[in-house]
*Asks:* 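Would you mind keeping the following structure in view while I ask a few things?
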Amino acid sequence: MSTKQAKGRKTKGKQKIEMKKVENYGDRMITFSKRKAGIFKKMNELVAMCDVEVAFLIFSQAKKPYTFAHPSMEEVADRLKNPSRQEPLAKDDTRPLVEAYKKRRFHDLIKKMQALEEELAMDLEKLKLLKESRNEKKLDKMWWNFPSKGLSVEELKQRHQAIVELRDNLCDNMALLRLGKDGGGSSSVRVGR
């Protein structure tokens, strides 16, 4: 690490903490919680790496017990009571029950997922039909779809003129698109008649 990086640090990093009672109650509870979690983690690593029997019992200042034991607190306590006994107590083999529970839970979750997928498919189909019906309703309400019965001659002339303008605009836009694809000009310029 360069000296520039070391100077830029705002924390002191990992340091040795003097072993003394933490005076502030709140700080003491936080320290207890963090240290307890660290000890449990180390105990778990010890069990995993060394395949040993361990038991750890600690009481908080509020007299609440916290334990960590492998294989169980009872087995380790019995081992302490009878140090001459070499092999651990016969374990109840609950693995088949646990596996059966896991398998059942897995199948239940698959069924639930399939039901949700079917529900989603039905909802998507409903949404599609709803969108289609909305589009049909919109087209039905467009001015050119209204019947011409009952319109005056002047209103019929206005409608005819509007349709002619619409057709002209569409033709102009198509011409612009063709010009844009052929590289002949910008599609934002309107061609005049």
Side-chain angles (χ1 to χ4, degrees), residues 1-139 141:
M1 180 185 329
S2 71
T3 55
K4 285 184 180 181
Q5 288 176 331
K7 288 180 181 178
R9 279 193 179 168
K10 293 184 180 183
T11 62
K12 296 178 182 180
K14 190 172 182 178
Q15 292 185 341
K16 186 170 178 81
I17 297 173
E18 182 183 347
M19 297 303 290
K20 66 177 184 175
K21 181 179 177 181
V22 178
E23 295 302 324
N24 182 302
Y25 179 78
D27 292 344
R28 189 166 48 242
M29 291 300 102
I30 291 171
T31 302
F32 172 77
S33 178
K34 287 181 178 180
R35 292 290 176 108
K36 176 180 59 76
I39 289 171
F40 284 0
K41 183 179 177 186
K42 290 293 183 187
M43 298 284 276
N44 192 35
E45 290 173 1
L46 189 63
V47 168
M49 290 190 291
C50 302
D51 192 28
V52 294
E53 294 179 16
V54 295
F56 182 77
L57 171 65
I58 186 170
F59 287 92
S60 69
Q61 203 169 9
K63 308 292 187 243
K64 185 174 179 183
Y66 295 92
T67 62
F68 179 92
H70 176 77
S72 71
M73 188 61 81
E74 291 80 19
E75 288 186 44
V76 176
D78 186 58
R79 184 91 157 190
L80 285 171
K81 289 178 192 174
N82 303 315
S84 61
R85 192 174 56 81
Q86 292 300 316
E87 76 255 3
L89 293 173
K91 296 180 184 177
D92 292 333
D93 195 8
T94 57
R95 265 184 269 128
L97 290 174
V98 171
E99 291 302 317
Y101 172 78
K102 284 181 182 178
K103 195 174 191 179
R104 181 69 189 155
R105 182 80 174 126
F106 181 72
H107 287 296
D108 289 345
L109 289 172
I110 287 176
K111 284 182 183 177
K112 191 174 184 179
M113 184 185 74
Q114 288 171 341
L116 288 172
E117 285 176 343
E118 289 174 11
E119 187 178 335
L120 177 64
M122 288 189 296
D123 286 346
L124 289 174
E125 186 63 31
K126 285 179 188 175
L127 181 63
K128 181 181 172 186
L129 292 173
L130 182 64
K131 283 182 178 180
E132 288 174 0
S133 69
R134 280 186 178 172
N135 288 339
E136 288 172 7
K137 287 178 184 176
K138 283 181 182 177
L139 287 177
K141 292 181 180 179

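All of these numbers come straight from a predicted model, not from anything done at the bench.
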*Asks:* Can you list every pair that meets ring-ring contact (aromatic ring centres under 6.0 Å, His included) and has a residue in residues 109-128, with sequence neighbours left out?
*Replies:*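 Every pair satisfying ring-ring contact (aromatic ring centres under 6.0 Å, His included) with a residue in residues 109-128: there are none.
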*Asks:* Keeping to residues at least two apart or across chains, list the side-chain hydrogen bond (donor to acceptor under 3.5 Å, both in side chains) pairs with something in residues 54-64.
*Replies:* R28-Q61
*Asks:* In the structure I gave you, are the side-chain heavy atoms of L46 and V54 within less than 4.5 Å of one another anywhere?
*Replies:*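 Yes - at least one pair of side-chain heavy atoms lies under 4.5 Å apart.
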*Asks:* Give the table of side-chain donor-acceptor pairs shorter than 3.5 Å for residues 18-26, with sequence neighbours excluded, one pair per line with atom names and distance.
*Replies:*
unit_1, atom_1, unit_2, atom_2, d
N24, OD1, G26, N, 2.8
N24, OD1, D27, N, 3.2

*Asks:* So which atom in M43 and which in F56 form the shortest heavy-atom distance, rounded to 0.1 Å?
*Replies:*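 So the minimum-distance heavy-atom pair works out to CE-CB, 3.4 Å.
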*Asks:* Filter on side-chain hydrogen bond (donor to acceptor under 3.5 Å, both in side chains), then keep only pairs touching residues 30-51, sequence neighbours left out; what's left?
*Replies:* none
*Asks:* Among all residues two or more places apart in sequence or in another chain, which pass the ring-ring contact (aromatic ring centres under 6.0 Å, His included) test with Y66?
*Replies:*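 Once residues adjacent in sequence are excluded, the partners of Y66 under the ring-ring contact (aromatic ring centres under 6.0 Å, His included) criterion are F32.
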*Asks:* Within the structure provided, determine whether I39 and F68 are in side-chain contact (heavy-atom separation under 4.5 Å).
*Replies:*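 They are not in contact (no side-chain heavy atoms under 4.5 Å apart), so the answer is no.
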*Asks:* Output a table of donor-acceptor pairs, distance under 3.5 Å, between side-chain atoms of residues 103-130 and any protein atom two or more places apart or on a different chain; print 'none' if there are none.
*Replies:*
unit_1, atom_1, unit_2, atom_2, d
R104, NH2, D108, OD1, 3.4

*Asks:* Any heavy-atom pair between the side chains of L57 and P65 that's under 4.5 Å?
*Replies:* yes
*Asks:* CD of E75 to CD of E53: how many Å apart, nearest 0.5 Å?
*Replies:* 6.5 Å
